[in-house]
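Chain A is the first sequence line, chain B the second, and so forth, proteins listed ahead of strands; every chain is numbered from 1. Model, not experiment: these values are computed from the prediction.
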Amino acid sequence: MNLHLYDTATREVGVFKPLIPGEVSIYVCGATVQSHPHIGHVRSAVNFDILRRWLTWSGYDVTFIRNVTDIDDKILHKAVHEKSSWWAVAMKYERMFTQAFASLNVLPPTYEPRATGHITQMIELMQKLIENGDAYAPGNGDVYLEVRKLKRYLTLSGQKLDDLQPAADADETFKKDPRDFALWKAAKPGDPSWPTPWGPGRPGWHLECSAMAHAYLGEAFDIHGGGLDLVFPHHENEIAQSEAAGYKFANRWLHNAWVTQSGEKMSKSLGNALQVEVILQRVRGIELRWYLGSAHYRSMLEYSEAALDESAVAFRRIENFLTRSVELLGTEPEPTINDAFCAAMNDDLAVPAALASISENLRLGNQAITDGDKKAIAKNANEIRGALQILGCDPFDSNYPQGASAHVNDALDGVIPLALKERTAARERKDFAASDAIRDGLLELGITIEDTAQGPRWSMGEKS
RNA sequence: GGUCGGAUGGCCGAGAGGCGAGGCAAGGGACUGCAAAUCCCUCUACACGGGUUCAAAUCCCGUUCCGACCUCCA
């Protein structure tokens with residue numbers, strides 16, 4: 001089966017066919033860097049990272065763009081609040097996002113354009129729109145898109161222009177129609193601005209994505225992604241601008257669903273946003289990624305500490321099997337994709353179904369350890385590692401911290417068996433009080449002892 | 001008001017006309033000096049009311065409840 005993907009525009013799952021055979025171009029709306037990243041932000045990044053990894057594994061040459069919105073009202077407000085300059089605020093939070101993505105092993109985009117680096121392209125786009133008669137500059141320095149001139153406006157969200165609630169806050173003095181939206185905003189005193197033929201100002205939110213997508217991906221590209229809340233107005237407006245300029249723009253739209261808490265969308269304005277750095281004090285990055293990635297990208301993920309902990313335990317179980325396989329086989333598993341996992345992923349990235357195939361591998365692999373069947377251990381370990389690699393949760397991936405340094409591990413590897421030897425001797429003379437004392441003593445140091453068919457083995461506690 | 005989703009066992013979570021995903025928890029068993037880990041078994045659900053059909057969690061009509069978006073948002 002070939003890859004099938006949902007398309008927000010048609011609300012159907014259909015065969016994915018790239019515009020250029022063998023190549024896939026993706027544009028995902030990145031964050032406005034104005035605050036700490038929360039787990040909703042990184043869920044989006046993880047979802048699209050899984051898509052990217054799957055496409056790459058499937059043999060496509062993927063160009064993946066995720067922008068940084070580094071100029072925006074909220075950044076300006078934040079700068080006032082933090083008594084800082086807007087660019088310092090943007091850079092500070094951009095770095096936090098970069099770090100959050102890195103700690104979850106989200107691959108860096110092929111290109112990661114900043115809005116402020118593409119003012120020229122935005123001006124060119126506005127010029128084109130004004131020449132076409134779809135945009136207008138009323139003379140105050142603003143530039144607006146005249147939405148009533150567009151035949152296909154609002155087709156992505158399926159709404160009608162006249163049914164929209166009128167904007168409450170918009171300054172409509174210069175608009176021909178209250179629903180026209182700003183491509184460009186005239187500079188207010190003290191605000192950063194860039195010169196344009198219509199006066200100094202700064203970009204509106206929507207214009208940048210159209211300009212950057214065009215700059216990096218051309219007139220048409222395969223997939224445009226983002227969070228569900230961007231469907232309207234952001235993506236509608238991107239479509240409006242781009243199509244009015246004569247571009248075909250995105251061939252397919254993918255939107256990820258929310259992380260919710262108590263049934264409500266996680267957001268800063270609701271005050272229930274959970275910062276990534278806070279959660280990473282509770283679980284490791286790889287565990288958080290496993291948690292975020294294991295829900296289907298179009299399903300809500302109801303966050304709770306209990307669910308996160310449970311998910312982390314489940315992941316450690318898988319990880320433990322892989323560790324044991326390396327102990328028993330002496331080599332790291334060779335990543336392999338099996339048919340069940342492949343079929344699930346090709347069905348609109350059905351990760352929950354794909355996880356069932358991992359569970360099966362895990363069960364068979366553990367059984368193989370009990371049976372001492374090295375061939376079966378290797379097969380299942382390979383398939384699990386292949387699946388984990390696509391999900392970005394490969395414990396052998398050097399992008400994840402590997403715990404203690406090698407020489408410390410070597411030292412422990414020498415020392416702990418000495419204690420285990422004592423314990424084994426005690427067990428042989430049935431002095432269980434002594435053997436249990438050794439095991440309990442090691443446990444207090446965070447070292448867990450398990451008696452396996454192959455003899456005792458030790459492992460460090462998971463939390464670093 | 002408009003647009004779009006959702007409701008599945010104790011919990012999480014797939015499925016989308018027949019063949020009961022999977023995980024967690026719980027109970028039982030195997031293994032073990034004990035523990036841990038692991039494996040095996042058990043627990044049979046689809047919001048409600050109608051309808052279509054040989055057959056409905058799945059399709060149709062209606063109802064209830066929950067959520068998202070409607071110019072800040074991943």
Given [options], identify the nucleotide with an atom nearest to the side chain of [X].
X	options	result
A:Pro233	B:U71, B:A68, B:G33	B:U71
A:Lys265	B:U38, B:G33, B:C69	B:C69
A:Arg439	B:U38, B:A35, B:G33	B:A35
A:Gln159	B:A74, B:G2, B:U38	B:G2

In whole angstrom, give me the gap between the [atom1] atoms of [N] and [M].
N	M	atom1	answer
B:C39	B:C4	P	46 Å
B:A57	B:U8	P	15 Å
B:G22	B:U64	C1'	31 Å
B:G51	B:G15	C1'	24 Å
B:U44	B:G20	C1'	7 Å
B:G27	B:C46	P	25 Å
B:A47	B:U42	C1'	28 Å
B:G28	B:A68	C1'	45 Å

RNA chain B: A:Lys430 or A:Asp180, which has the more 5' nearest nucleotide?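 Nearest nucleotide further toward 5': that of A:Lys430.
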Would you mind telling me which residue lines up with the more 5' stretch of RNA chain B, A:Gly226 or A:Ile449, judged by nearest nucleotide?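 It is A:Ile449, whose closest nucleotide lies nearer the 5' terminus.
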Please report the interatomic distance CD1(A:Ile65) to CD1(A:Ile223), rounded to the nearest 0.5 Å.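 Going from the CD1 atom of A:Ile65 to the CD1 atom of A:Ile223 covers 13.0 Å.
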Rounded to the nearest Å, what distance is computed from the [atom1] atom of residue [X] to the [atom2] atom of nucleotide [N]?
X	N	atom1	atom2	result
A:Phe341	B:A14	CZ	P	15 Å
A:Gln367	B:U38	CD	P	13 Å
A:Asp73	B:U71	CG	P	15 Å
A:Asp162	B:U3	CG	C1'	14 Å
A:Glu327	B:A37	CD	P	16 Å
A:Glu238	B:A74	CD	P	13 Å
A:Glu12	B:C4	CD	P	14 Å
A:Phe232	B:C4	CZ	P	14 Å

Can you confirm if the aromatic rings of A:Phe16 and A:His4 lie within a centre distance of less than 6.0 Å?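 When the ring centroids of A:His4 and A:Phe16 are compared, they turn out to be at least 6.0 Å apart.
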Base, sugar-phosphate alone, or nothing: which one does [X] contact when heavy atoms must sit under 4.0 Å apart?
X	answer
A:His255	nothing
A:Gly40	base
A:Ala306	nothing
A:Asp436	base
A:Val42	nothing
A:Arg457	nothing
A:Leu230	sugar-phosphate

Which class fits the ring pair [X] and [Y]: parallel under 30°, tilted 30 to 60°, perpendicular over 60°?
X	Y	result
A:His255	A:Trp253	parallel
A:Phe221	A:Phe249	perpendicular
A:Phe341	A:Trp54	perpendicular
A:Phe315	A:Trp290	tilted

Should stems be defined as at least three consecutive Watson-Crick or G-U pairs with both distances under 3.5 angstrom, which of them involve RNA chain B?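 As far as RNA chain B goes, consecutive pairing (with distances under 3.5 Å) yields the stems B:1-7 with B:64-70, B:10-12 with B:22-24, B:26-30 with B:38-42, B:47-51 with B:59-63.
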Can the positive tip of [X] be found less than 6.0 Å from the middle of the six-membered ring of [Y], inside 45° of the ring normal?
X	Y	result
A:Arg316	A:Phe321	no
A:Arg298	A:Tyr6	yes
A:Lys176	A:Tyr136	yes

Show each protein N/O and nucleotides 18-23 of chain B N/O combination with a separation under 3.5 Å, one pair to a line.
unit_1 : atom_1 : unit_2   : atom_2 : d
B:G22  : O2'    : A:Ser359 : OG     : 3.1

Can you say whether a donor on the side chain of A:Asp451 sits under 3.5 Å from an acceptor on the base of B:C34, or the other way round?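 Result: at least one qualifying N/O pair found.
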Between [X] and [N], does any side-chain N or O lie under 4.0 Å from OP1 or OP2?
X	N	value
A:Ser299	B:A14	yes
A:Lys160	B:C70	no
A:Asn256	B:A74	no

Do we see a donor-acceptor contact under 3.5 Å between the side chains of A:Asn380 and A:Asn366?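 Side-chain D/A pair, A:Asn380 to A:Asn366: absent.
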Which pair of non-hydrogen atoms, one from A:Ser357 and one from A:Asn338, has the smallest distance, and what is that distance?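 For A:Ser357 and A:Asn338, the tightest heavy-atom pair comes out as OG-OD1, 4.2 Å.
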Return the set of residues passing ring pair (Phe, Tyr, Trp, His ring centres under 6.0 Å) with A:Trp184 (not counting sequence neighbours), or none when no residue passes.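 Partners of A:Trp184 under the ring pair (Phe, Tyr, Trp, His ring centres under 6.0 Å) test: none.
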